[in-house]
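Step one of this worksheet: look at the structure below.
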Amino acid sequence: MHGPPISRGAGLRLTVLDGTSLVEFRFDGRPVMAPRGTSIAAALIEHGRRASRTSLSGSPRGYYCGMGVCWECVVSVKGRGHVRGCMEPVAAGLEVLSLSGTDGLGE
Amino acid sequence: MGSVSDAPVRAGVAIIGAGPAGLATAAALVRRGIACAVFDDNVQGGGQYFRQVPPGFAAPAGDPVPRDPRARDSLTVLAHPLVAYHPLTTVWSMPEPLTIAHAGPGGGGRLTAAAIVVATGAHDRPCPFPGWTLPGVVSAGGCLNLLKGQAMLPGKRVAVVGNGPLVLVAAYSLHKAGAEVALVAEAAMATRNGLRAWAGMARAPGLLAKGIIYRAGIRTSGAIYREGWVAAEAHGTDCVTAVTVARLGPGGSPDPAERLRVDVDALVVGYGLAPSGEFARMLGCGHRFEPSRGGWIVNRSDEFETDVPGVFVVGDAAGIGGAEIALAEGRLIGSILARRIAGGASVAGAERRKLARLERFRTALEGVYALPRPLDLARSDTIVCRCEDVTKQRIVEAAQGRPDLSWIKVATRMSMGRCQGRNCLGPAARITAEAGGLPEIEATWPRMRPPVRPVPIEALLSEELGPPRSPDLVEPSFAGDAAA
């Protein structure tokens, strides 16, 4: 389920405007640090978690369209339900769980 | 958490989508004193083409990712006093004429307007091939959204495969952002076609210059560059580790012999765009089939009106045309609606002429990237419906029983997943038509039903619904059934 970690690229960086900083959330229980307000999906890619769920037949799936259409990046966020990782902003203390197979129910 | 809506709120014009077309529409309306409500499902406006970094961040000075400098000015209209801007809000139905149902963080509601402008843009056109569902395989839109919206590379060593201008845009952007672009494979003989179409291309010299710059940049990057080549397979178990490309064969499939395999940690796939026209499909608007414009596109009058009165579609949602046409149509619909609502001056001739020139460039560009026949890159065991894991084989078997997409949907669950068919109906229609010996135009898509995008149940619960109406009872019939 883990691929090689991807850094945010040699030429890329985000200029912080209002003093926001790295915050920690948890994915399947493991801590992940990412800039607050960037997307959960981007944070998972950065930390080498390319596969953020498994499909009905059990094959690994992850970020694909980045615009909320394909739902391949769907994750479960405690208190929010099933959300698209590419549309959901990172916030401190989020509890994010991967979905597997026929997971249709959850928090 | 949802609120029960009172009588529907009235607004001048309801605009669905805050990308280039929606923003241009809003600006043209408020310039003429007409109020509008803009609905967008993202946290910030801009759509894909004007995509911004998240709130609280700024793109750095000297940002290596190519961005259109008009984006920031275009977004200022969302703060205009005549604009009610609803971010993070999904327009999911039109339950009454000119009344839309919307759902957002504050609950759900309805809004009745004098006109509805659908500016929902486009999404990546799906093109299934073996391994396309592997993590690390991202669409061209997905790649650009990572670069522009998250300052993130999809990988360190990337290949770009596809057909159309986005291949060059993605490859060039990746190269400027510091990725190693290992391979670029364009399916069409674009350079040869482009040289033949130079007169048409010269109608938009700025866009032509951009294309030349991007192509030169890719040459500088040292990427292997092929034209007339397509994706044959993405390899890997948990994520993509390599891609095989092949020369495009005469039947539309990858050549079995002339192949090249390259190690990558991300694969960007861009086989064109498809209009996000689900709203008009849901309303039952008339459509026609134009593959060069992305497939089924809504019929419009020369004032961009569909055959549902008061519902207009502009930009890519009405047929793929790119950002310049989206901006031009947005400006034009503003003056058209102003005349209808407030009886103003007649429609600007200069805007019409500019749009006509852009349309001639678009036709030339379509010629550059035209393919002799539709691509057929999937094997029997390739997943076509990603959401429900339906393979090409299953669709072919069901189609041989009855080559009807609505039947195949029910039999296989194809298009019944979360994406609502956006990533499978196009390919499934082509596969079905081929299996049934029909032209693709006869593989009619199933009817789109509300909600046009997924919404939480609480949005439906916050609606005040009228009493249920019994549907008209019609005897179902299928051509070819034995006499009942």
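Heavy-atom basis, side chains included; hydrogens, waters and symmetry copies ignored. Labels below follow one simple rule: chain letters A, B, ... track the order of the sequence lines, proteins then strands, and each chain is numbered from 1.
- Contact of B:R386 with chain A is made through backbone and side chain together, with heavy-atom distances under 4.5 Å.
- Of the atoms belonging to B:L144, not a single heavy atom falls under 4.5 Å from chain A.
- Considering every non-hydrogen atom in both B:V243 and B:V264, the closest pair reads N-CG2, 4.2 Å.
- Summarising the geometry of A:P60 relative to B:P135, their closest heavy-atom pair is O-CD, 3.3 Å, with the distance given to 0.1 Å.
- Interface residue A:M87: only side-chain heavy atoms are found under 4.5 Å from chain B.
- The cationic group of A:R53 does not satisfy the cation-pi geometry with A:W71, failing either the under 6.0 Å distance to the six-membered ring centre or the 45° limit from the ring axis.
- With a 4.5 angstrom heavy-atom cutoff, B:T241 does not touch chain A via any of its atoms.
- Note on ring orientation: taking the six-membered ring where Trp is involved, the planes of B:F39 and B:H86 are parallel (angle under 30°, cut-offs 30° and 60°).
- At least one donor-acceptor pair closer than 3.5 Å links the side chain of B:R67 to the backbone N or O of B:K148.
- In terms of heavy atoms, B:D316 sits closest to B:P275 at O-CB, 3.3 Å.
- In terms of non-hydrogen atom pairs under 4.5 Å with chain A, the most contact-rich of B:V137, B:V138, B:D389 is B:D389.
- If you tally non-hydrogen atom pairs under 4.5 Å between each of B:T133, B:L88, B:N423, B:D124 and chain A, the highest count goes to B:T133.
- Contact annotation for B:Q420: neither backbone nor side-chain heavy atoms come within less than 4.5 Å of a heavy atom of chain A.
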